[in-house]
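Numbered from 1 within each chain, the chains take letters A, B, ... in sequence-line order.
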Amino acid sequence: MCFLAEEDQGALPSKGDFSAWYNELLWRAEIMDVRYPVKGLYVWYPFGFSLRRNVYDLLRLLLDRDHQEALFPLLIPEHELAKEAEHIKGFEDEVYWVTHGGLSPLDVKLALRPTSECAIYPMYALWVRSHADLPLKIYQIVNTFRYETKHTRPLIRLREITSFKEAHTVHTTWEDAERQVEEAIALYREFYGRLCVPVIVSRRPEWDKFPGADYTMAVDTVMPDGRTLQIGTVHHLGDHFSKTFQITYEDVAGEQRFAHQTCYGISERSIAALISMHGDDRGLILPPDPAPVQVVVVPITIGKRKDEVSAEVAGIEKELAAAGFRVKVDSRDIRPGAKYYYWEMRGVPLRLEVGPRDIDAGQVTVVTRLGEKSQVPRNALVAGVTERLASFAATLKERAEAHVRTRIRVSRSMDEVLAAVEDGVTLVPWCGSRECADLIEEKTRAAVLGTDVRSMYLVDASGPCVACGKQGITALVGRSY
RNA sequence: GGGGUAGUAGGGUAGCCUGGUCCAUCCUAGAGCGUUUGGGACGCUUUGACGGCAGUUCGAAUCUGCCCUACCCCA
């Protein structure tokens, strides 16, 4: 099996073999180390953590416009977690329990939060008094724990979600909460826009909504192998939780009323999507916004002119850093080619090559991660780098959209569904019944993901239901992670 | 949840059935020295492992039990 050394040194598995590519890339690009000795728990390498920080900084920037960040405890007492019947039913199989303090059994078992509604809402009951306190929009970025029984996968299916951004809002009316749902969707669209990851928004079927919610809107993307990945959810909680946790406010007429709530979350699956969407056989490809290193400078030093090149490179580094770019000079004593491969694996958007020929010509050689090579005059470097990073991001976005567009097809029969979900998702007419959804799943191993499908590639697929033939509406169907 | 296979250095393998004290081999692995440097350089030197716990034994990578972890198949 070991033919790599001769044919193609150091190559990743082809992206066509997505699973192998993904696993190998995670450690080759130093995102995650999967060798931690507990199932479903993984370690962020410094490089991966830096990527994570940039991604979550973007998310914070968007949320901080009108949300406040806070922090609630990891442990939830059993009686609080069990308060909302539907909610606990949805999670009870996956909860980790803390049962002992030292050697003594605890009087009240404590759950590691699988999500934080039951940690936050008892406090909201204390905090919310008047209509003037509303809307209340708070978020936190924390780790959560779920004892996943299915196949765990780094960044995608975890027993410790390390990077769960969850927002919890409180409103006076159902309609106001509904408007918040739309705002959250818009916010998530903007976030994924910055990551150049195209998304499809849809309304999850009744049986697949968040436990305790009125309805759930989901944000999905289409992975390279055509399977979908849920990378964000927005839930309208109605007044279920406010009744359970007694979150009431006094309205303008002096009446006590139950509040209406929403919650919405994004996890490190956003990073899985980012990595998977753009990467290629050479490694990561990162858009400039989240890239830990945006520009790498490789000095080409030969013999006597070494000092001259070093001085030039130092000047370039200073100038770019002053302009706000995350720039890295690679002055290691290895050949330039090895550096190119190294930084390509790590997805750096732009590489600058600076050697004697460039100095003589008064220029810098610029190569994008997609391999486009050009020269920028040394005296217009910042402008040149700015322009190339912008067009690089635009190109990534186009590539990603082209990928998703070719993976969405319309199917009008079960056979067409079966063919379509082999390597993509499909829009099908569906009558809306659970029975037909189950039949579709049974025959195609693909699930009805949602209705009210919103995508820039939307095609109307209403017509006779592919399962029963009754009049149906457009539904999104696909195999998901 | 049920079944199967496996875990040997940074990564990949052989050895295990048939126990033998220095435990081999490959690599884009690591460390050092020197020569090199416009797409993965080369030479020399060198480091480093039998998943964990217990048992059997004069002696365990090898046999037994339990546990952990990984992968595959089925539900």
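- Side-chain proximity of D333(A) to the nucleotides G11(B), U69(B), U37(B) is greatest for U37(B).
- Taking the C1' atoms as reference points, A54(B) lies 29 Å from U13(B), given to the whole Å.
- When each of F49(A), Y45(A), W44(A) is paired with I31(A), the side-chain contact (heavy atoms from CB on, under 4.5 Å) condition holds for W44(A) and for no other.
- Between F245(A) and F241(A), the ring planes are parallel. Angles under 30° get that label, and only those over 60° would be called perpendicular.
- For R351(A), the side-chain atoms get nearest to G39(B) when compared with the rest of G40(B), U36(B), G39(B).
- Along RNA chain B, the nucleotide closest to R35(A) and the one closest to T365(A) are compared, and the more 5′ of them pairs with R35(A).
- The nearest whole Å value for the distance from the CD atom in E30(A) to the P atom in A29(B) is 14 Å.
- Environment of CD in Q375(A): crowded, with over 12 heavy atoms of neighbouring residues, nucleotides or ligands closer than 6.0 Å.
- With Y215(A) as the aromatic partner, R204(A) does not meet the cation-pi criteria of under 6.0 angstrom to the ring centre and within 45 degrees of the ring axis.
- Side-chain contact between T162(A) and R52(A): present, with at least one pair of heavy atoms (C-beta onward) separated by less than 4.5 Å.
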Which letter, B, S or -, goes with each nucleotide of nucleotides 1-8 of chain B from 5' to 3', with contact meaning a protein heavy atom under 4.0 Å? S-------
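- With both ends at atom P, the span from A70(B) to G11(B) equals 15 Å, rounded to whole Å.
- For the pair I334(A) CD1 and A41(B) P, the computed distance is 8 Å after rounding to whole Å.
- Partner assigned to A24(B) is U13(B), using Watson-Crick or G-U wobble distances below 3.5 angstrom.
- Considering only heavy atoms from C-beta on, L418(A) stays 4.5 Å or farther from K443(A) through its side chain.
- With a cut-off of 3.5 Å on both pairing distances, C50(B) has no Watson-Crick or G-U wobble partner at all.
- In this structure, G337(A) and H151(A) both approach RNA chain B, and ranking their closest nucleotides by distance from the 5' end singles out G337(A).
- Inter-residue side-chain proximity for S480(A) and D220(A) is flagged as unmet; no heavy-atom pair is nearer than 4.5 Å.
- Looking at V376(A) and R388(A), their side chains come closer than 4.5 Å, going by heavy atoms from C-beta outward.
- For C33(B), the paired nucleotide is G43(B), the pair qualifying as Watson-Crick or G-U wobble because both relevant distances are below 3.5 Å.
- Under a cut-off of 6.0 angstrom, the local environment of CG in D360(A) is crowded, with over 12 non-hydrogen atoms contributed by other residues, nucleotides or ligands.
- Residues H168(A) and Y121(A) meet the side-chain proximity criterion, which asks for heavy atoms closer than 4.5 Å.
- C74(B) sits 47 Å from C58(B) when the C1' atoms are compared, rounded to a whole Å.
- Straight-line distance between the P atoms of U45(B) and A60(B): roughly 34 Å, to the nearest whole Å.
- Comparing U21(B) with G65(B), their P atoms are spaced 26 Å from each other, to the whole Å.
- If you measure from atom CG of L12(A) to atom P of G11(B), you get 17 Å, rounded to the nearest angstrom.
- Among the heavy atoms of the strands, none lies under 4.0 Å from E24(A).
- Here the P atom of nucleotide A29(B) and the CZ atom of R28(A) are 10 Å apart, to the nearest Å.
- Between A61(B) and G20(B), the two C1' atoms lie 13 Å apart (nearest whole Å).
- Residue contacts for R357(A): at a heavy-atom cut-off of 4.0 Å it reaches a base atom on one of the strands shown.
- Judged by Watson-Crick or G-U wobble contacts below 3.5 Å, the nucleotide G55(B) has C63(B) as its partner.
- Taking the C1' atom of each, G15(B) and G2(B) are spaced 33 Å apart, rounded to whole Å.
- Surrounding NZ of K328(A) are at most 12 heavy atoms belonging to other residues, nucleotides or ligands under 6.0 Å away.
- The base of G39(B) is not paired with the side chain of E353(A) by any donor and acceptor separated by under 3.5 Å.
- Base pairing of A70(B): its partner is U5(B), meeting the Watson-Crick or G-U wobble criterion (both donor-acceptor distances under 3.5 Å).
- The stretch residues 39-52 of chain A touches RNA chain B through K39(A), G40(A), each having a heavy atom under 4.0 angstrom from the strand.
- Nearest to the side-chain atoms of Y340(A) among the listed nucleotides U69(B), G11(B), G39(B) stands G39(B).
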